Amino acid sequence: AVTPLSPQQILSSVESQAPSPAGPSGCGPVPVPMSPCPHVPTAPSPAGPSACDDSKTNLIVNYLPQSMSQEELRSLFGSLGDIESCKLVRDKVTGQSLGYGFVNYVEAGDADRAIGALNGLKLQTKTIKVSYARPSSASIRDANLYVSGLPRAMGQQEMEQLFSQYGRIITSRILVDQVTGVSRGVGFIRFDKRVEAEEAVRGLHGQKPLGAAEPITVKFANTPGQKSGGALLSLCPGARRYGTLHPPPQRFRLDNLLNVAYGVKRFSPLAIEAVPALAGVGLGTPGAGWCIFVYNLAPEADESVLWQLFGPFGAVTNVKVIRDFATNKCKGFGFVTMTNYEEAAVAIASLNGYRLGERVLQVSFKTTKQHKA
DNA sequence: TCGGATT
């Protein structure tokens with residue numbers, strides 16, 4: 001039972017925020033699936049060409065803060081006019097906000113004013129995007145592509161230029177390293193139409209961009225919500241069978257940090273997002289985190305070892321054992337991604353030099369890929 | 001002895 005914030009409360013909370021850490025696209029790091037408008041007449045519409053035309057009243061709102069509820073969305077947009085319907089899109093399984101929603105006004109003029117008034121509004125750590133929703137249609141579904149192997153020097157504009165020959169691009173993004181801002185060589189392209197995306201896969205998958213050393217891969221993106229498996233294991237890292245290992249006596253906790261630094265009385269997602277230094281490190285920020293290199297794993301080592309070693313130190317979002325392709329044996333190293341810097345640092349300090357059977361682990365933050373001399 | 005990557 002959360003009391004919805006009034007628009008004034010939401011807006012006033014904006015004033016105390018630091019500027020949004022916008023990426024190259026000028027937008028926050030939330031997932032931005034563009035989905036068809038959920039406002040679809042279920043009954044045959046009455047005669048008349050404009051009877052079911054929402055194109056001038058129905059808005060899609062992207063980059064909503066994770067914590068914003070449908071009621072808050074309605075409250076914010078309701079301040080600009082009467083709302084016919086309002087829908088925050090949530091994950092089917094978890095009920096978590098997917099960070100976007102739809103607002104359908106009664107009057108087209110209000111929708112137009114809402115774009116002018118609310119597009120670009122900073123809410124907590126996000127900069128919301130307000131635009132007309134495209135009509136719901138099967139042809140715009142599954143039009144989102146995942147691209148990897150991009151040259152590090154390629155920017156968003158350049159990537160769009162490469163793909164735009166296949167159709168109208170709705171959104172694009174290149175993922176960047178959270179510290180250096182350097183491209184991670186992977187990105188997303190959403191086309192207006194699925195057939196355009198299909199053509200782009202046919203035309204660009206395995207191709208080398210002009211001047212590039214490596215070919216890119218182009219495939220349909222995973223639907224948001226499917227995470228890399230095993231995350232739940234980190235919640236029950238009970239195993240101690242690798243010897244005496246002492247998890248940090250003093251766990252670093254977000255709520256403690258907040259209490260100390262900001263005098264916040266209790267833990268809440270809203271409070272996390274209100275703290276600039278912690279922005280984007282909460283739950284639901286896939287792809288972010290601190291990557292840790294683990295060396296001297298046994299050939300038989302598997303992912304569960306890494307979960308068990310690192311889980312006690314805090315939030316682990318991903319683990320990976322690197323294996324030889326032919327033998328499927330571990331090549332002696334692996335990677336662990338942890339959400340919080342402090343927890344990662346404690347894990348490294350605790351596990352570097354840790355004896356695992358006959359082996360002594362070397363654990364450090366991952367370095368940048370070394371290139372040959 | 002530092003991958004592949006999924007907003």
Side-chain angles (χ1 to χ4, degrees), chain A residues 20-35 62-66 89 91 96-100 125-127 129 142-152 156 159-160 169-178 182-190 197 214-229 231 280 282-299 301 303 306 317-325 328 330-337 348 352-353 359-372:
Chain A
S20 171
S25 66
C27 300
V30 266
V32 186
M34 303 283 290
S35 287
N62 280 296
Y63 306 103
L64 290 169
Q66 175 58 223
V89 179
D91 182 279
Q96 294 270 67
S97 167
L98 292 181
Y100 71 103
T125 63
K126 306 295 199 292
T127 300
K129 177 183 174 186
D142 303 317
N144 195 30
L145 298 181
Y146 173 78
V147 188
S148 62
L150 293 167
R152 297 294 197 260
Q156 188 187 15
M159 180 176 71
E160 284 206 7
I169 293 168
I170 300 299
T171 58
S172 73
R173 168 160 299 177
I174 288 178
L175 304 187
V176 299
D177 182 277
Q178 66 174 27
V182 170
S183 167
R184 293 163 66 195
V186 301
F188 296 88
I189 295 272
R190 178 178 293 277
E214 301 297 328
I216 60 174
T217 68
V218 182
K219 54 205 256 195
F220 282 88
N222 289 341
T223 57
Q226 43 183 303
K227 310 253 189 236
S228 56
L283 302 172
T285 310
W290 300 90
C291 193
I292 298 167
F293 174 64
V294 186
Y295 178 70
N296 215 11
L297 296 170
E303 272 73 9
L306 295 176
T317 58
N318 186 256
V319 302
K320 180 86 171 180
V321 167
I322 304 304
R323 296 179 170 85
D324 179 87
F325 185 81
N328 211 33
C330 175
K331 289 165 83 170
F333 63 97
F335 298 92
V336 174
T337 303
I348 290 170
N352 186 39
R359 296 161 175 273
V360 176
L361 296 184
Q362 288 174 241
V363 183
S364 62
F365 283 113
K366 180 188 181 302
T367 65
T368 58
K369 188 176 173 180
Q370 63 222 24
H371 31 322
K372 303 177 181 85

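Please read all numbers here as calculations on a predicted model, not as lab measurements. Numbers restart at 1 for each chain; the letters A, B, ... are given by sequence-line order, proteins then strands. When reading the values below, keep in mind they use all heavy atoms of this one structure, side chains included, and skip hydrogens, waters and symmetry mates.
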Once you measure the plane-to-plane angle for A/Tyr295 and A/Phe293, does it fall in the parallel (<30°), tilted (30-60°) or perpendicular (>60°) bin?
parallel

Which of these nucleotides, B/dT7, B/dA5, B/dG3, is closest to any side-chain atom of A/Leu175?
B/dT7

Atom pair distance, as rounded to whole Å: OH in A/Tyr63 and P in B/dT7:
13 Å

Counting heavy atoms from C-beta on, name the nucleotide in B/dA5, B/dT6, B/dC2 closest to the side chain of A/Arg152.
B/dA5

A/Ile216 has an atom CD1; how far is it from atom P of B/dA5, in whole Å?
15 Å

Looking at A/Leu361, is its backbone amide N or carbonyl O close enough to the side chain of A/Asn296 to form a donor-acceptor pair, meaning the two atoms are under 3.5 Å apart?
no

Rounded to whole Å, the CG-P distance (A/Asp177 to B/dG3) equals 14 Å

Interatomic distance where CZ belongs to A/Phe325 and C1' belongs to B/dG4 [whole Å]:
15 Å

Atom-to-atom span, CE of A/Met159 to C1' of B/dT7 - whole angstrom:
11 Å

To the nearest angstrom, how far is A/Ile348 atom CD1 from B/dC2 atom C1'?
13 Å

Can you tell me if A/Arg184 uses its side chain to pair, donor with acceptor, with the backbone of A/Asp177 under 3.5 Å?
no

Taking only the side-chain heavy atoms of A/Ser364 (C-beta and beyond), determine which of B/dT7, B/dT6, B/dC2 contains the nearest atom.
B/dC2

So what does A/Phe333 touch, heavy atoms closer than 4.0 Å: a base, only the sugar-phosphate, or nothing?
sugar-phosphate

Rounded to whole Å, NZ of A/Lys219 lies from P of B/dT7 at a distance of 13 Å

Are the ring centres of A/Tyr100 and A/Tyr63 closer than 6.0 Å?
no

Rounded to whole angstroms, how far apart are OH on A/Tyr146 and P on B/dG4?
11 Å

State which of B/dT6, B/dG3, B/dA5 makes the closest approach to the side chain of A/Asn222.
B/dT6

Under the side chain to side chain donor-acceptor pair (under 3.5 Å) rule, what do A/Thr217 and A/Ser148 come out as? Steps first, then yes or no, please.
CA-CA 5 Å; A/Thr217 68; A/Ser148 62; 2.3 Å; yes

Of the nucleotides B/dA5, B/dG4, B/dT7, which has the atom closest to the A/Lys366 side chain?
B/dG4

